[in-house]
Amino acid sequence: MPNDDGGYGARVGPVWRAVLRDYRCGAGARARARLGFLTPPAERGRLIWIRAGESAADLRLGIELLGAVRDKRLDVRIVLTFEQDYPELFERHMQPFRKVGVGYGPCDRPRVVRRVLRRFQPHGIIQAGGTVPRNLARMNTAPLFAVNAAPPGEGIQAGSLVGSWPVDVAAVAAWPSAATAQVLPPADPQARFVEAQADVVLRALVGGQVERLWWWHGTPAQWLEWRAAWKASAWGHSDILLVSLGSETGGRGAMPEGCDLAVSAWDRGALPPGTVLHLDDPRWFAAAASAAHAVHLAVPERAVLWQGLAGGAAVSLGVESAFELPCPVYSQPGAVLDAWRTLRDDVAARRRQGDAARRRFWEERRQVDANFDAVLRQVWDW
């Protein structure tokens with residue numbers, strides 16, 4: 001059952017263990033919210049409840065939906081609840097709005113669901129990422145729209161949702177056809193959150209002695225094999241390798257063995273050819289995508305994937321993606337380096353692959369914008 005490990009599901013044991021853990025850690029507000037003791041904004045107006053899932057991407061989606069709903073409906077009150085707090089997201093993306101409440105959300109225990117629905121009396125609910133809670137879908141009478149959210153599994157009733165926005169084709173198949181009245185075309189909101197245009201400043205900053213930049217993204221375990229292949233290639237005499245790690249480290253953490261410098265410690269001075277630069281700050285990903293001759297995503301995580309495509313470089317993947325992409329798949333480091341060797345001196349091939357990548361990015365972004373408009377049309381009716 002979704003969210004039980006975090007104490008946000010419907011099973012009593014995990015919920016109460018999480019409540020006790022919250023109180024022991026001094027997080028009484030989170031414990032009370034988990035049990036449904038939530039207070040909506042005091043102002044007048046209908047209430048729209050946005051429920052974010054547990055991941056940072058879910059909360060980012062929730063914040064984006066909050067801003068879009070506020071722009072569309074100035075008359076309503078909005079509540080955004082989440083399961084995990086990511087303060088840096090609020091600091092970077094959240095604007096101060098009137099008639100908005102933000103905080104931890106409730107679990108899916110039936111009594112808790114009744115309590116929250118009685119207190120909120122929502123005129124509409126948007127599930128942003130995560131999984132649609134089963135009891136909420138069963139007991140709620142307000143319109144419920146699932147945005148990039150998984151179904152609650154068995155037992156979902158026909159007509160439980162007014163609409164769903166799947167992230168990809170596989171997500172479309174996961175929803176029972178009778179469960180939702182409207183299914184939007186698949187699209188990944190992450191394509192809207194990345195930088196569509198980035199100045200090619202990184203290439204200028206590293207200095208004129210460097211001939212080319214390449215970007216590799218993967219896990220720490222994959223890096224060990226890749227580092228050996230890169231070292232054996234002898235490209236370090238003229239080029240720079242940019243290295244970033246996947247979501248298990250959040251892109252940060254200790255510098256991988258074999259890297260010479262972390263971008264967070266770089267003074268922006270010229271770098272010698274052969275430098276292996278660790279991108280330990282995801283805010284540099286847009287610059288890396290625009291400066292690199294080619295990008296290899298051994299782990300094609302959604303945010304990094306769309307940023308790589310947006311940069312206009314030739315992009316390859318380490319595994320097949322759930323999205324239809326103009327990107328070759330290479331599972332071995334040697335195959336990637338062979339492809340890079342071909343691209344290194346073939347400007348026309350790099351341009352063709354980079355143009356195809358950018359076209360695919362803009363195609364996804366246009367569909368995301370169309371889907372946001374469709375969700376907001378529903379919100380207008382609430």
Side-chain angles (χ1 to χ4, degrees), residues 195 197-219 222-246 256 258-261 263 266 269-279 284-301 304-321 325-361:
E195 292 187 43
Q197 302 286 344
D199 294 331
V200 190
V201 295
L202 186 55
R203 196 176 300 163
L205 285 173
V206 298
Q209 299 301 313
V210 175
E211 294 185 14
R212 291 164 291 266
L213 288 85
W214 311 90
W215 179 18
W216 178 90
H217 177 87
T219 67
Q222 292 169 323
W223 165 244
L224 298 177
E225 186 178 8
W226 176 265
R227 182 192 61 181
W230 176 260
K231 190 173 182 179
S233 72
W235 285 20
H237 296 302
S238 58
D239 299 356
I240 279 182
L241 178 65
L242 309 172
V243 175
S244 57
L245 298 180
C259 290
D260 301 304
L261 180 67
V263 73
W266 181 31
L271 297 175
T275 299
V276 180
L277 184 64
H278 177 211
L279 302 181
W284 279 89
F285 287 179
S290 64
H293 270 54
V295 178
H296 181 68
L297 306 177
V299 178
E301 297 165 310
V304 183
L305 170 64
W306 297 117
Q307 189 63 79
L309 294 174
V315 178
S316 59
L317 310 179
V319 294
E320 293 286 350
S321 171
L325 302 171
C327 304
V329 177
Y330 306 118
S331 59
Q332 299 300 320
V336 180
L337 290 171
D338 287 343
W340 283 5
R341 191 171 291 107
T342 300
L343 291 171
R344 183 173 56 186
D345 302 316
D346 192 338
V347 177
R350 289 204 312 270
R351 183 177 294 116
R352 284 194 302 270
Q353 291 189 33
D355 290 346
R358 279 192 62 80
R359 283 195 301 271
R360 181 62 183 88
F361 162 75

Residue pairs, two or more places apart or on separate chains, that pass salt bridge (charged side-chain N to carboxylate O under 4.0 Å, His left out) and touch residues 325-337: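 Salt bridge (charged side-chain N to carboxylate O under 4.0 Å, His left out) check on residues 325-337 returns no pairs.
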
Are side-chain heavy atoms of [X] and [Y] found at a separation under 4.5 Å?
X: L261; Y: L271; value: yes
X: R360; Y: W306; value: yes
X: L297; Y: V304; value: yes
X: L202; Y: S290; value: no
X: W216; Y: S244; value: no
X: T219; Y: L245; value: no
X: V276; Y: L242; value: no

Residues forming a side chain to side chain contact (heavy atoms under 4.5 Å, CB included) with Q353, sequence neighbours excluded: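 Applying side chain to side chain contact (heavy atoms under 4.5 Å, CB included) to Q353 gives A314, L343.
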
Side chain to side chain contact (heavy atoms under 4.5 Å, CB included) partners of E211, counting only residues at least two apart: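 Counting only residues at least two positions away or on another chain, E211 forms a side chain to side chain contact (heavy atoms under 4.5 Å, CB included) with S238, D239.
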
Show me the donor-acceptor pairs within less than 3.5 Å that the side chains of residues 224-236 make with the rest of the protein, sequence neighbours left out.
from, atom 1, to, atom 2, distance (Å)
R227, NH1, E257, O, 3.4
R227, NH1, E257, OE2, 3.4
S233, OG, W230, O, 2.6
S233, OG, W235, N, 3.3

Q307 side chain to E195 backbone, donor-acceptor under 3.5 Å: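 Yes, the answer is positive, given that a donor and an acceptor are paired below the 3.5 Å cut-off.
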
State, to 0.1 Å, how close [X] and [Y] come at their nearest heavy-atom pair, and which atoms those are.
X: L205; Y: W266; result: CB-CH2, 3.6 Å
X: V336; Y: S316; result: CG1-OG, 4.5 Å
X: A292; Y: A313; result: O-CB, 3.6 Å
X: P300; Y: V319; result: CD-CG2, 3.6 Å
X: L279; Y: A288; result: CD1-CB, 3.6 Å
X: G318; Y: H296; result: N-CE1, 3.6 Å

Side chain to side chain donor-acceptor pair (under 3.5 Å) pairs, two or more places apart, involving residues 326-335: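 Counting only pairs at least two positions apart or across chains, no side chain to side chain donor-acceptor pair (under 3.5 Å) contact touches residues 326-335.
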
Pairs involving residues 337-348, ordered by first then second residue, that meet side chain to side chain donor-acceptor pair (under 3.5 Å) (sequence neighbours left out):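 Residue pairs with at least one partner in residues 337-348: D338-R341.
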
Spacing of L241 atom CG and R212 atom CZ [to the nearest 0.5 Å]: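 It is 13.0 Å, given to the nearest 0.5 Å.
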
Nearest-0.5 Å distance that lies between atom CG in L305 and atom CG in L317: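 One gets 6.5 Å once the value is rounded to the nearest 0.5 Å.
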
CA sep, side-chain torsions, deciding dist, call: I240, W214, side-chain contact (heavy atoms from CB on, under 4.5 Å): CA-CA 6 Å; I240 279 182; W214 311 90; over 6 Å; no

Any residue meeting salt bridge (charged side-chain N to carboxylate O under 4.0 Å, His left out) with R350, in chain and number order, not counting sequence neighbours: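 R350: no salt bridge (charged side-chain N to carboxylate O under 4.0 Å, His left out) contacts found.
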
